[in-house]
Amino acid sequence: MNIYVINGPNINLLGTREPEIYGKETLESISKKCIEIASKDGHDVTFMQSNYEGEIVDWIQNAITKKVDAIVINAAAYTHTSIAIHDALKSYSGYKVELHISNPHLRETFRHISYISSAVDTIVAGLGTDGYSHVIELLVRFPVLQNKAK
Ligand code: CA2
C-alpha cells in the first residue's frame, strides 16, 4: 500500500506549543514512527504538511493521479471551513481517514462542524498524536481496509 498522511495549518508546530492539547511529539517523530510501522510490512507512508489550502488540494489530486491507496488527513482548521478540500476528497476513490489529535467536539462550538467527515470512510479523534500510528497500523494490518483501498 501507498499511504499519504496530509496535515493542515499549524501542525508543523507540534511539540513546540500547547502540549496540554497536542502533546509533546513533533511531526517528524510521528512521521518516523508511522513510516517504520508501515515499512515492516512493505508499505509506504508519505507525510506532508502545509499551511496553504490549495497545496492540500494539489496533494489530494496528486493522490488521484498516482493511484495512492489511502489518505489520512488532519486538515486542522481547514476541517471547519474548506469546501475545496471536501470536493477534492470526494473525487478521490481510495480509502480516506479523517484524523484529529484532540476531540474537536469537546472544544469550541466552531470546531464541531467538519466539512471533511462527509467525504471520508473513517473518522478518528481524541487519541492524541498516537492516533497517527494507530491509524497506520489499522490500514496496513486489516485486509478489509486494504481491499477497500484498491
Ligand atoms: O485536534 C486536531 O488534530 C485538530 O485538527 C487540530 C487543529 C484544530 O484547528 C482542529 O480543530 C483540531 C489545530 C492544529 C494546530 O496545531 C498546533 C500544534 C501545536 C501547537 C499549536 C497548534
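Both counts, for ligands and for their atoms, begin at 1 and track the order of listing. Below, all heavy atoms of this structure are taken into account, side chains as well, without hydrogens, waters or symmetry copies.
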- Task: List the steps, then state whether side-chain contact (heavy atoms from CB on, under 4.5 Å) holds for I60 with I73.
- Result: CA-CA 10 Å; I60 297 167; I73 182 161; 4.2 Å; yes
- Query: Is the CD1 atom of I21 crowded by more than 12 outside heavy atoms at less than 6.0 Å?
  - Reply: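 Atom CD1 in I21 is crowded, with more than 12 foreign heavy atoms closer than 6.0 Å.
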- Query: Side chains of V120 and V97: closer than 4.5 Å at any heavy-atom pair?
  - Reply: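 Sidechains of V97 and V120: no contact.
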Show the short N or O contacts, below 3.5 Å, that ligand 1 makes with protein N or O atoms; if there are none, say 'none'.
| residue | atom | partner | partner atom | Å |
| --- | --- | --- | --- | --- |
| ligand 1 | 1 (O) | I101 | N | 3.3 |
| ligand 1 | 1 (O) | S102 | N | 2.8 |
| ligand 1 | 1 (O) | S102 | OG | 2.6 |
| ligand 1 | 3 (O) | N74 | ND2 | 2.9 |
| ligand 1 | 3 (O) | I101 | N | 2.7 |
| ligand 1 | 5 (O) | N74 | OD1 | 2.8 |
| ligand 1 | 5 (O) | H100 | ND1 | 2.9 |
| ligand 1 | 9 (O) | A77 | N | 3.4 |
| ligand 1 | 9 (O) | R111 | NH1 | 2.8 |
| ligand 1 | 11 (O) | H80 | NE2 | 2.7 |
| ligand 1 | 11 (O) | R111 | NH1 | 3.0 |
| ligand 1 | 16 (O) | N10 | O | 3.4 |

Determine all donor-acceptor pairs shorter than 3.5 Å in which one atom belongs to a side chain in residues 100-109; sequence neighbours excluded.
| residue | atom | partner | partner atom | Å |
| --- | --- | --- | --- | --- |
| H100 | NE2 | E98 | OE2 | 2.7 |
| S102 | OG | R107 | NH1 | 2.9 |
| N103 | OD1 | H105 | N | 2.9 |
| R107 | NH1 | Y22 | OH | 3.1 |
| R107 | NH2 | Y22 | OH | 3.3 |
| E108 | OE1 | R111 | NE | 2.7 |

Report, one line per pair, each donor and acceptor closer than 3.5 Å where one atom sits in a side chain of residues 127-136; sequence neighbours left out.
| residue | atom | partner | partner atom | Å |
| --- | --- | --- | --- | --- |
| Y132 | OH | N7 | OD1 | 2.6 |
| Y132 | OH | N74 | ND2 | 3.3 |
| S133 | OG | D130 | O | 3.1 |

- Message: Per the salt bridge (charged side-chain N to carboxylate O under 4.0 Å, His left out) rule, what does the pair list look like for residues 33-54, sequence neighbours excluded?
- Response: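 Residue pairs passing salt bridge (charged side-chain N to carboxylate O under 4.0 Å, His left out), neighbours aside: E25-K33, D41-R141.
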